[in-house]
**Q** 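Encoded as structure tokens, here's the structure I'll be asking about.
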Amino acid sequence: MTTKTDATTENDAQEKLERLNENVAKMDELTKRLVAAFGKKRAADPNLQAPGQDLYVKAAAAYMSEMMNNPSRIIEQQVNYWGKSLKHYVEAQQALAGGKLEPPEDTGPTDRRFKSDMWNTHPYFNFVKQQYLHSSAAISEAVDSLDHIEGAEKERVSFFARQIVDMMSPTNFLATNPDALEKAVETDGASLVRGLENLVHDIESNQGDVLVSLADENAFTVGENIATSDGAVVFRNRMFELIQYTPTTEKVHKTPLVIFPPWINKFYIMDLKPANSLIKWIVDQGYTLFIVSWVNPDASYADVGIDDYVDDGFLTAIDQVKEITGEAQVNAVGYCIAGTMLSMVLALMNKRKDKSIKSATFFTTLSDFEDPGEMGVFLNDDFVDGIERQVADQGYLHSFFMSRTFSYLRANDLVYGPAIRSYMMGEAPPAFDLLYWNGDSTNLPGRFVVEYLRNLCQDNKFAGGTIEILGETLSIKDVKHPVCSIACETDHIAAWKGCFTGVKQFGSKDKTFIVSQSGHVAGIINPPSKKKYGHYTNDGPMEDTETWFNEATFNEGSWWPRWENWLKKRSGAMIPARKPGKKSHPVLAKAPGTYVLPLPKD
């Protein structure tokens, strides 16, 4: 006789089976979409996908040379690795043979990728984790011990070896990720369906390439709940829109301030929301603030180069700010790549005896590329040649390539971690404004990107005094203006030591250098109200990085008030606040303007 309990159990089992079959059918349909999406993959030069074969040849040759010249070291490394692996295997076998269904004591280093308890308590997952960590350490040791390859080449070998090691982490595969497996069982496969939906969406959105979505693209609308500071577009040309912000104080400093953001990303990183908006904070301190919103170029900008950004961008914007405010001078800020260009504009103005800029501030800016930091692994000819061929064919460098490059500088945080949550756990991307901005990147004109990479990043012509801009040969020593440079302690794009080296060579007598805690973005977007990251200062001479930092004073809290104290001394008397625009410069659009809006999907 069938009881009520038996019937309920049978119905539950039947419902679970039906849900599982439904999910399998959905996965079949999604797989067909996945194949179709991969079929639309954009044509890209092979060297944009990975380093050239010469890097692997050099690494292999260095390893072979090490084997020939120092075989004892290689044997020692191998025996050490084999010994750890064998010991690990025997311990696991002994535990299982003794009926002890738990792993041996884990005395290895902690790794936040393996935060699930099952990595430590389950014999299988613990064995997989420990063997991966042993292998990772062995590979790192082998690369570090290569004596027949040095400097930048060794850094590149180490970087790309780490990329391979990170990619092969067991957390990145469903069969060896306990969290993903548990989630799949709990949801009758629904988490895998959602994950596949997320994967298909990302591939369809990126023309057949995989670029994981870091944030919910529907959570924010530029100008509505992000980039909302009040202002107006008061000038527009082919290169940029000039935004003037509405004052929030009755009086403002006489000298206006104009910010040049990088055109590799959009300016609203400085205006995500009122609580952390650098733009709002500056306006609230009593400044007439302008910001340049660069155009997002397409193939029609193929011939736009450095000269165009300087002449039709920087110089034009400065002239327009002077005309609108009636002032003879402005203060200027350059962020990242725009800071590099601003330093060359200062040198150009000095050559031309143009006094339009009163002082300049640099955020995370390299002007000497002798040591470009971690970005240096992507500045060799294999990658740059690939970019040059790509832009020769397309006319511009699509934002996808730069987004992917920067992501792989922090692969576990910006690639594999988000991919696991999205594709294996089936989680929706978070509604996070910073990550939304990070994904809202821009294209680069073909001519410009080649000139920048060849002349500055590779040949370091500005620091060498041989760069030619608008008919003038410029040197880093030609920068004579009062300057304040803010670098970031853990910046992986513009290393603080590289920023220091550039400012040290400026011809300016008035130099202020500040190192903020944190990285390229968080170290700059660090409002005082958060009381989060501190900063280092040193009024002594800029001799060398180690001495400067060791003798620096650590200051709690944001660097913003310290910089504003520096800026106001160079910004003149207080005058009645200025409204955006004037008769000769009518309002063309409300801030944040039109150039900042997303382009239609390709």
Side-chain angles (χ1 to χ4, degrees), residues 237-240 242 257-267 270 290-297 301 304-321 330-352 354 356-357 359-369 372 375 397 402 442-445 447-481 483-487 493-494 498-499 502-503 505-506 508 520 524:
N237 69 5
R238 185 175 179 236
M239 297 300 297
F240 69 94
L242 183 66
L257 179 67
V258 56
I259 297 179
F260 295 95
W263 47 96
I264 204 166
N265 285 108
K266 295 181 180 179
F267 79 86
M270 292 176 275
F290 294 82
I291 200 163
V292 165
S293 175
W294 300 102
V295 72
N296 192 354
Y301 285 76
V304 167
I306 289 178
D307 280 0
D308 299 289
Y309 273 96
V310 170
D311 198 7
D312 297 333
F314 285 79
L315 298 181
T316 298
I318 291 165
D319 285 344
Q320 295 302 316
V321 171
V330 307
N331 289 317
V333 176
Y335 194 159
C336 189
I337 187 176
T340 304
M341 297 292 287
L342 178 60
S343 65
M344 293 191 291
V345 169
L346 297 179
L348 177 66
M349 287 185 159
N350 181 56
K351 277 289 190 78
R352 292 179 170 181
D354 184 339
S356 295
I357 292 183
S359 76
T361 299
F362 300 95
F363 297 164
T364 63
T365 293
L366 291 174
S367 47
D368 181 339
F369 288 84
M375 275 298 299
L397 185 66
M402 294 306 297
T442 54
N443 306 323
L444 293 174
R447 181 181 167 194
F448 166 80
V449 70
V450 173
E451 288 180 347
Y452 189 87
L453 292 173
R454 296 294 190 197
N455 295 337
L456 291 167
C457 299
Q458 287 192 320
D459 296 340
N460 205 15
K461 287 185 176 181
F462 185 48
T466 59
I467 190 84
E468 290 189 12
I469 305 290
L470 297 176
E472 299 281 0
T473 301
L474 307 176
S475 166
I476 196 170
K477 296 179 176 61
D478 293 329
V479 178
K480 303 291 178 83
H481 299 68
V483 297
C484 179
S485 176
I486 296 90
I493 295 173
C499 299
V503 174
Q505 296 175 75
F506 287 173
S508 309
H520 193 71
I524 297 298

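Keep in mind that this is a model prediction, so the values were computed, not measured.
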**Q** Starting at OG of S343, measure out to CZ of F362 and round the result to the nearest 0.5 Å.
**A** 5.5 Å
**Q** With side chain to side chain contact (heavy atoms under 4.5 Å, CB included) as the criterion, how do F290 and V330 come out once you've worked through the C-alpha distance, each side chain's angles and the decisive distance to 0.1 Å?
**A** CA-CA 10 Å; F290 294 82; V330 307; over 6 Å; no
**Q** Can you label the angle between the Y335 ring and the H520 ring as parallel, tilted or perpendicular, going by 30° and 60°?
**A** tilted
**Q** Give a yes or no answer on whether the side chain of D307 reaches the backbone of L470 with a donor-acceptor pair at less than 3.5 Å.
**A** yes
**Q** Go through it in stages, so that I can follow the logic: the residues are Q505 and D368, the test is side chain to side chain contact (heavy atoms under 4.5 Å, CB included), and I'd like the CA-CA distance, side-chain angles, deciding distance and then a yes or no.
**A** CA-CA 9 Å; Q505 296 175 75; D368 181 339; 2.5 Å; yes
**Q** Enter the distance from I259:CD1 to I291:CD1 here, rounded to the nearest 0.5 Å.
**A** 4.5 Å
**Q** Answer yes or no: is there a side-chain heavy-atom contact under 4.5 Å between I318 and F260?
**A** yes
**Q** Is the F240-F267 ring centre distance short of 6.0 angstrom?
**A** no
**Q** Angle class for the F314/W294 ring planes (parallel below 30°, perpendicular above 60°, tilted otherwise)?
**A** tilted
**Q** Nearest 0.5 angstrom please: F363 CZ to C499 SG, how far?
**A** 12.5 Å
**Q** Could you measure the distance from the CG atom of D311 to the OG1 atom of T316? Nearest 0.5 Å is fine.
**A** 5.5 Å
**Q** Would you check if the side chain of E451 reaches a backbone N or O of I306 as a donor-acceptor pair within less than 3.5 Å?
**A** yes
**Q** Under the criterion side chain to side chain contact (heavy atoms under 4.5 Å, CB included), I'd like the reasoning laid out for E472 against D478: C-alpha separation, chi angles, the key distance, then a yes or no.
**A** CA-CA 11 Å; E472 299 281 0; D478 293 329; over 6 Å; no
**Q** Would you say the side-chain atoms of S508 pair up with the backbone N or O of H481, donor to acceptor, closer than 3.5 Å?
**A** yes
**Q** Can you confirm whether L346 sits close enough to F506 that some side-chain heavy atom of one is under 4.5 Å from a side-chain heavy atom of the other?
**A** no
**Q** Look up atom CD1 in I469 and atom CG in N455, then write down how far apart they are to the nearest 0.5 Å.
**A** 8.0 Å
**Q** Would N331 and S359 count as having a side-chain donor-acceptor pair, cut-off 3.5 Å?
**A** yes
**Q** Counting N and O atoms only, with roles assigned by atom type, does the side chain of T442 sit under 3.5 Å from a partner on the main chain of W263, one being a donor and the other an acceptor?
**A** yes
**Q** What's the separation between atom CG in L315 and atom CE in M349, rounded to the nearest 0.5 Å?
**A** 5.0 Å
